[in-house]
Each structure stands twice: as C-alpha cells, then as structure tokens.
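Quick notes on the structure that follows.
Bear in mind the structure is a predicted one, so any value in this text is a computation, not a measurement.
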Amino acid sequence: MTSVRLPLFPLNSVLFPGLVLPLNVFEARYRAMMRDLSAVPEDDRRFAVVAIRDGREVAATAQGMPDNTLPAADGPAAGFGDDPIQAFHTVGCIADAATIQEKSSADDTGYEVLATGTTRFRLLSVDASGPYLTGEVEELEDGEGEGAGALASGVVRAFRTYQKRLAWANERTLSSGQDLPADPSVLSYLVAAAAVLDVPAKQRLLEAPDTAARLGEELKLLRQESALLGKLPSLPAVDLTRQPTSPN
C-alpha cells in the first residue's frame with residue numbers, strides 16, 4: 001500500500017476510527033503543528049495519532065514522570081529519546097481536525113482542537129527534523145473477517161451486562177436507552193473506546209487484524225471484566241461515554 005507523511009501527535013491514550021478526540025494544545029511543537037494544519041484546506045487537516053509506550057509523554061524519565069532536577073527538554077522529540085519511534089506503538093489512527101480554534105487570552109495560549117478518528121495506520125518511520133514530529137504511515141485495511149455478525153450480537157449482550165455491573169459498582173444509575181450500532185466494525189470500535197481498559201489492552205484491540213478478531217477479543221475482555229466487577233463492592237466513578245481532553 002502507498003505510504004504518506006503526516007504530522008505525528010503522540011498521546012497517552014488510544015484513538016479509534018469514528019471516535020471524537022478533543023485536544024487542548026499548549027506545547028510549542030504541537031502549537032506549530034496546529035498552525036500549519038490551520039493553513040491547509042479544511043478537508044485535508046489530517047494528522048497521525050499514536051499511543052505512547054510505558055506512559056511516556058513529555059519526559060524521558062521512568063514512568064513518564066518529569067525529573068525537575070534536569071533541564072527542561074525541548075524540541076520535536078523531547079521526552080521520546082534518541083530514536084522516537086521506539087517510544088510509540090506502531091499502529092495508530094489518522095485524525096481529521098474538524099475545528100482548530102486558537103486561544104486569544106493573554107494568559108492562555110494554544111489551540112482547542114476537535115478531531116475525529118478515521119483510518120488505522122502502521123507507523124513506518126519518524127522524522128524529527130522539523131518543528132514537530134512527522135511520520136511516514138501506511139493505511140491499514142479493515143476487513144470484516146469470518147463470523148463478525150454473530151460475534152457482534154454476543155458483544156452487544158456482553159457490553160450491556162458490563163455496563164450494568166460497572167454502574168452498580170459505581171453506585172450510579174445506568175442510562176443506556178441508546179441503541180448500539182448495528183454495523184460490526186462501528187460496534188467494535190465503540191466498545192473498544194467505551195470499555196474501561198488500560199492502554200495496552202486498547203492498543204491490542206486497535207491492532208486486531210479484522211473486525212471479527214476485534215469483537216472476539218472484546219467478548220473475552222467484557223466477560224472477564226464483568227466477572228471481576230461482580231466481585232467488587234464499589235469502584236471510583238467512571239464516565240463510559242466521555243473521552244478525556246488531552247492536555248498537549
């Protein structure tokens with residue numbers, strides 16, 4: 001498949017096709033990225049989102065925690081080491097920036113961005129020679145796979161059970177009158193985004209070779225999580241539908 005070079009936006013979370021991504025952009029490298037994207041036609045404001053390995057984002061120290069005794073890192077690859085591609089998962093999601101709004105307040109500079117995930121990609125290389133990272137990416141096909149329809153029905157049932165048990169564990173009222181999507185691919189990404197899972201688990205779902213494989217993995221995860229929730233007295237409140245704004 002043909003590769004393309006896109007601005008690279010690393011996050012401590014996983015973006016899935018069809019999901020909305022709000023961003024609060026304040027770092028110089030990402031402000032430069034959004035400035036450049038603002039200058040191109042609205043239908044071509046694409047950038048590549050990748051999840052960061054081991055929770056690293058803006059610091060090179062262990063666990064992703066800044067070391068205040070060291071000079072502040074600067075530059076497009078700050079916090080990602082000498083070979084930035086090693087800091088990222090190599091399957092990500094292309095994002096389409098629907099709105100890029102510059103903040104005008106004197107004490108609050110940056111951009112508020114609302115983007116939507118569109119297509120999965122494989123990251124082939126990373127270039128740190130400009131004001132921000134760019135990546136050569138190859139778009140990935142997303143086939144349905146065998147038995148996706150039957151698996152989708154099982155995932156819907158398992159997800160409803162999971163929602164109910166999570167709401168009970170959080171001592172919250174479940175408001176789940178909205179129907180889940182009938183399309184197996186759309187369903188697979190919605191469930192992957194909504195389930196309360198860590199980054200490695202979500203990354204595995206993003207990397208699934210096709211929709212059926214993703215749904216099969218989700219069915220196992222949802223059953224495991226539901227069984228666990230059934231044994232717990234309570235959990236901190238979790239919002240299943242809202243994606244956090246990334247402070248980048």
Side-chain angles (χ1 to χ4, degrees), residues 1-25 29-30 32-52 85 88-101 111-127 132-145 148 152 155 180-195 197 199 201-215 217-218 240-246 248:
M1 296 180 66
T2 304
S3 64
V4 63
R5 186 162 295 279
L6 293 174
L8 194 62
F9 204 114
L11 287 177
N12 274 324
S13 58
V14 178
L15 177 64
F16 294 94
L19 275 295
V20 174
L21 175 68
L23 295 169
N24 180 21
V25 177
R29 51 186 165 179
Y30 302 124
M33 179 190 299
M34 294 307 159
R35 265 195 308 273
D36 287 352
L37 286 175
S38 297
V40 303
E42 291 184 5
D43 60 354
D44 194 30
R45 294 177 177 175
R46 301 196 307 163
F47 58 100
V49 175
V50 288
I52 303 163
I85 196 171
F88 310 137
H89 290 280
T90 55
V91 173
C93 183
I94 294 174
D96 184 4
T99 60
I100 303 175
Q101 183 174 357
Y111 291 86
E112 290 183 349
V113 180
L114 191 64
T116 303
T118 60
T119 310
R120 296 185 310 147
F121 67 82
R122 188 176 307 281
L123 182 63
L124 303 177
S125 65
V126 175
D127 183 0
Y132 48 83
L133 296 176
T134 60
E136 182 183 2
V137 306
E138 176 185 72
E139 294 187 14
L140 295 175
E141 294 182 358
D142 203 2
E144 184 168 285
V155 167
L180 290 169
D183 182 276
S185 177
V186 177
L187 174 70
S188 74
Y189 287 128
L190 177 62
V191 169
L197 302 169
V199 168
K202 286 181 179 282
Q203 183 65 33
R204 288 194 297 273
L205 294 176
L206 182 68
E207 294 179 5
D210 54 42
T211 297
R214 185 174 305 109
L215 289 168
E217 181 65 21
E218 286 169 352
L240 283 177
T241 59
R242 184 182 301 274
Q243 293 295 311
T245 297
S246 175
N248 279 298

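Between Val4 and Val137 there is a side-chain heavy-atom pair separated by less than 4.5 Å. Using a 4.5 Å heavy-atom cutoff, the side chains of Pro181 and Leu190 are in contact. Here the side chains of Leu206 and Arg120 are in contact, with some heavy-atom distance below 4.5 Å. In this structure, the side chains of Leu114 and Val20 come closer than 4.5 Å at one or more pairs of heavy atoms. Contact annotation: the side chain of Arg35 never approaches that of Tyr132 to less than 4.5 Å [non-hydrogen atoms, C-beta and beyond]. Contact annotation: the side chain of Phe121 never approaches that of Thr119 to less than 4.5 Å [non-hydrogen atoms, C-beta and beyond]. Side-chain contact between Thr118 and Pro17: absent, with no pair of heavy atoms (C-beta onward) separated by less than 4.5 Å. At least one side-chain heavy atom of Leu8 sits under 4.5 Å from a side-chain heavy atom of Phe88.
Relative orientation of the Phe9 and Tyr30 rings is parallel, given thresholds of 30° and 60° on the angle between their planes.
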Walk me through it: do Leu197 and Leu205 pass the test side chain to side chain contact (heavy atoms under 4.5 Å, CB included)?
CA-CA 10 Å; Leu197 302 169; Leu205 294 176; 4.0 Å; yes
Go through the steps for Ser125 and Arg5 under the test side chain to side chain contact (heavy atoms under 4.5 Å, CB included), then give the verdict.
CA-CA 9 Å; Ser125 65; Arg5 186 162 295 279; 3.6 Å; yes
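Note: Glu112 CD to Asn24 CG = 6.0 Å, rounded to the nearest 0.5 Å.
Nearest heavy-atom pair across Ser13 and Ala51 is O-CB, 3.5 Å. When all heavy atoms of Ala192 and Lys202 are compared, the closest pair comes out as O-NZ, 2.6 Å.
Under a 3.5 Å cut-off, the side chain of Arg45 and the backbone N or O of Ser38 do form a donor-acceptor pair.
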